[in-house]
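Numbering of residues begins at 1 and proceeds along the displayed sequence.
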Amino acid sequence: AWNHETIQLYTKAMDFAAVKHRDQRRKDASETPYINHPIGVANILTSEGKCFDFEVLIAALLHDTVEDTDTTFSEIETLFGEKIANIVKEVTDDKTLPKMTRKELQIEKAKTASTKAKLVKLADKLYNLRDLQRGLPEEWTEERRSQYFIWAKKVVDNLRGTNQMLEDSLDVVFREQKLID
Ligand code: NDP
Ligand code: ZN
């Protein structure tokens with residue numbers, strides 16, 4: 001439940017992620033600060049998903065720190081505890097694997113992920129797909145964007161049955177992209 005301790009941990013996660021991602025930018029044309037993404041994912045979870053589970057929201061703030069910065073799981077575990085570290089672990093791609101394998105693994109791992117990890121994944125995909133709808137990243141072709149939507153739908157299809165509001169919002173995106181009727 002939310003109390004002084006969990007609010008402090010949530011604030012600490014915002015600060016930690018902001019420091020870790022400080023030199024990173026999104027792939028959009030205006031090079032938005034990267035931290036906008038994890039904060040936006042947490043906002044999607046509360047505003048649209050009506051999810052107020054503090055472990056999920058803190059994991060959302062931290063979800064790209066290990067994948068995209070020098071952060072280690074043991075650092076996350078020390079600062080935020082084992083449960084949050086395990087959610088982050090579930091949503092982190094192993095970057096030592098080839099890209100194709102990583103993309104396939106996301107589709108497969110979605111099926112058996114914990115509910116908390118599925119919630120982070122749904123909000124993460126929703127944020128990224130809306131980003132891609134707004135604009136094509138520098139040096140991406142239309143073909144690459146359209147392949148990304150097709151792949152993301154395969155991941156999302158394996159996350160279903162988790163949060164109807166987030167899944168409905170994702171279906172709005174897929175409908176706009178003409179991937180569903
Ligand atoms: P990437 O994984 O390279 O890029 C997408 C990821 O970048 C997102 O998942 C997101 O991850 C992050 N991101 C940062 N900024 C943005 C933004 N503005 N909008 C959306 N996402 C952003 O993409 P893929 O490798 O999946 O490429 C898409 C498709 O293109 C694939 O199906 C692949 O087959 C193909 N491809 C084509 C290439 C080419 O044409 N040269 C090369 C590689 C792949 P996060 O949440 O972690 O920030
Ligand atoms: Zn992300």
Side-chain angles (χ1 to χ4, degrees), residues 13-14 17 21 24-53 55-68 87-95 99-181:
M14 266 199 275
H21 290 299
Q24 291 178 294
R25 295 293 178 272
R26 297 288 288 168
K27 292 169 182 170
D28 55 9
S30 52
E31 298 183 28
T32 303
Y34 194 87
I35 190 63
N36 285 34
H37 167 65
I39 292 173
V41 171
N43 184 47
I44 285 173
L45 283 163
T46 57
S47 301
E48 295 183 60
K50 306 297 169 202
C51 168
F52 299 102
D53 181 319
E55 288 172 4
V56 172
L57 298 179
I58 292 171
L61 291 173
L62 301 173
H63 82 272
D64 280 325
T65 56
V66 178
E67 196 171 296
D68 296 334
I87 303 169
V88 175
K89 206 171 276 180
E90 283 191 88
V91 302
T92 298
D93 280 4
D94 180 351
K95 282 206 166 169
K99 195 159 195 165
M100 281 275 280
T101 312
R102 263 157 47 204
K103 295 274 157 191
E104 283 304 316
L105 266 177
Q106 271 205 44
I107 298 171
E108 282 310 305
K109 283 170 68 183
K111 288 183 203 166
T112 54
S114 68
T115 300
K116 290 180 196 233
K118 283 180 177 173
L119 284 164
V120 175
K121 271 286 169 199
L122 285 167
D124 184 35
K125 287 286 175 282
L126 184 53
Y127 187 103
N128 284 335
L129 295 178
R130 283 175 175 163
D131 238 358
L132 288 175
Q133 282 188 312
R134 269 192 300 273
L136 193 64
E138 299 277 307
E139 62 208 35
W140 277 45
T141 59
E142 277 297 346
E143 173 63 16
R144 181 163 178 181
R145 172 159 62 183
S146 109
Q147 288 305 312
Y148 189 92
F149 277 103
I150 291 165
W151 165 76
K153 183 172 181 300
K154 290 180 191 169
V155 178
V156 168
D157 283 345
N158 286 344
L159 297 166
R160 287 182 195 275
T162 305
N163 181 297
Q164 197 56 53
M165 293 164 289
L166 296 180
E167 291 162 41
D168 287 348
S169 293
L170 281 154
D171 281 337
V172 170
V173 173
F174 295 136
R175 209 164 286 119
E176 287 167 355
Q177 298 305 126
K178 305 199 183 309
L179 290 174
I180 54 173
D181 292 323

Check: Can you find a heavy atom in the side chain of P137 that is under 4.5 Å from one in the side chain of L132?
Finding: yes
Checklist line | 4.5 Å side-chain heavy-atom contact, L166 and K50 | finding: no
Next item on the list: Could you verify whether a donor N or O on one side chain and an acceptor N or O on the other, from R26 and N128, lie under 3.5 Å apart?
Entry: yes
Item checked: 4.5 Å side-chain heavy-atom contact, L126 and L122 -> no
Note to self: Let's go through E138 and D28 carefully: what are the C-alpha distance in whole Å and the side-chain angles of both, what is the deciding distance for side chain to side chain contact (heavy atoms under 4.5 Å, CB included) to 0.1 Å, and is it a yes or a no?
What the structure shows: CA-CA 7 Å; E138 299 277 307; D28 55 9; over 6 Å; no
Check: With distance as the sole test, does Q24 use its side chain to make a donor-acceptor pair with the main-chain N or O of D68 at under 3.5 Å?
Finding: yes
Note to self: I'd like to know if the side chain of N158 reaches the main chain of A110, judged simply by a donor and an acceptor atom lying under 3.5 Å from each other, with no hydrogens or angles considered.
What the structure shows: no
Notebook entry, point to check: Atom CG in D171, atom CD in Q164: separation rounded to 0.5 Å?
Noted result: 8.0 Å
Check: What are the two closest heavy atoms between V120 and A59, and how far apart are they?
Finding: CG2-CB, 4.3 Å
Notebook entry, point to check: CG/L62 to CE/M14 distance, rounded to the nearest 0.5 angstrom?
Noted result: 11.0 Å
Check: Is it true that K154 and D157 make a salt bridge, defined as a side-chain N closer than 4.0 Å to a carboxylate O?
Finding: no
Notebook entry, point to check: Any chance the side chains of N36 and T32 put a donor and an acceptor closer than 3.5 Å?
Noted result: no
Note to self: Under 3.5 Å, is there a donor on one side chain and an acceptor on the other for H63 and D124?
What the structure shows: yes
Next item on the list: Provide the full list of ring pair (Phe, Tyr, Trp, His ring centres under 6.0 Å) pairs with a residue in residues 115-136, sequence neighbours left out, each pair given once.
Entry: H37-Y127
Notebook entry, point to check: Rounded to the nearest 0.5 Å, what separation is found between the CG atom of D53 and the CG atom of L119?
Noted result: 7.5 Å
Note to self: Quick check for you: to the nearest 0.5 Å, what is the distance between W140 atom CH2 and R145 atom CZ?
What the structure shows: 9.5 Å
Next item on the list: Applying side chain to side chain contact (heavy atoms under 4.5 Å, CB included), run through K109 and E90 and close with a yes or a no.
Entry: CA-CA 8 Å; K109 283 170 68 183; E90 283 191 88; over 6 Å; no
Next item on the list: State whether D131 and K27 are salt-bridged, where the test is any N-O pair (Lys NZ or Arg NE/NH1/NH2 against Asp/Glu carboxylate O) under 4.0 Å.
Entry: no
Next item on the list: Please determine, by modelled atom types, if S169 and E48 share a side-chain donor-acceptor pair under 3.5 angstrom.
Entry: yes
Margin query: So which atom in A152 and which in L129 form the shortest heavy-atom distance, rounded to 0.1 Å?
Written below: CB-CD2, 3.7 Å
Note to self: Run the side-chain contact (heavy atoms from CB on, under 4.5 Å) test against T112 and tell me which residues pass, sequence neighbours left out.
What the structure shows: none
Next item on the list: Any chance you could lay out the side chain to side chain donor-acceptor pair (under 3.5 Å) test for S47 and N43, step after step, and finish with the verdict?
Entry: CA-CA 6 Å; S47 301; N43 184 47; 2.9 Å; yes
Margin query: Please find the pair of heavy atoms, one from P38 and one from A60, that lie closest to each other, and give the distance.
Written below: CB-O, 3.8 Å
Item checked: Worked verdict on Q106 versus D93 for side chain to side chain donor-acceptor pair (under 3.5 Å) -> CA-CA 8 Å; Q106 271 205 44; D93 280 4; 3.1 Å; yes
Checklist line | Rounded distance (nearest 0.5 Å) linking atom CD of E108 with atom OG1 of T101 | finding: 12.5 Å
Notebook entry, point to check: Does a side-chain N-to-carboxylate-O contact under 4.0 Å join R175 and D181?
Noted result: no
Item checked: K153 side chain near L170 side chain, heavy-atom distance below 4.5 Å -> no
Check: Between R130 and V173, which heavy-atom pair has the shortest distance, and what is it?
Finding: CG-CG2, 4.3 Å
Margin query: Set out, in order, the CA-CA distance, both residues' side-chain angles and the distance that settles side chain to side chain contact (heavy atoms under 4.5 Å, CB included) for L45 and F52, then state yes or no.
Written below: CA-CA 8 Å; L45 283 163; F52 299 102; over 6 Å; no
Note to self: Once rounded to the nearest 0.5 Å, what's the spacing between atom CD of E143 and atom CD of Q147?
What the structure shows: 4.5 Å
Item checked: K178, NZ atom: more than 12 neighbouring heavy atoms under 6.0 Å -> no
Next item on the list: Please test E104 against W151 for side chain to side chain contact (heavy atoms under 4.5 Å, CB included), starting from the C-alpha separation and ending with a verdict.
Entry: CA-CA 9 Å; E104 283 304 316; W151 165 76; 5.9 Å; no
Notebook entry, point to check: Would a 4.5 Å heavy-atom cut-off, applied to side chains only, mark R144 and T141 as touching?
Noted result: yes
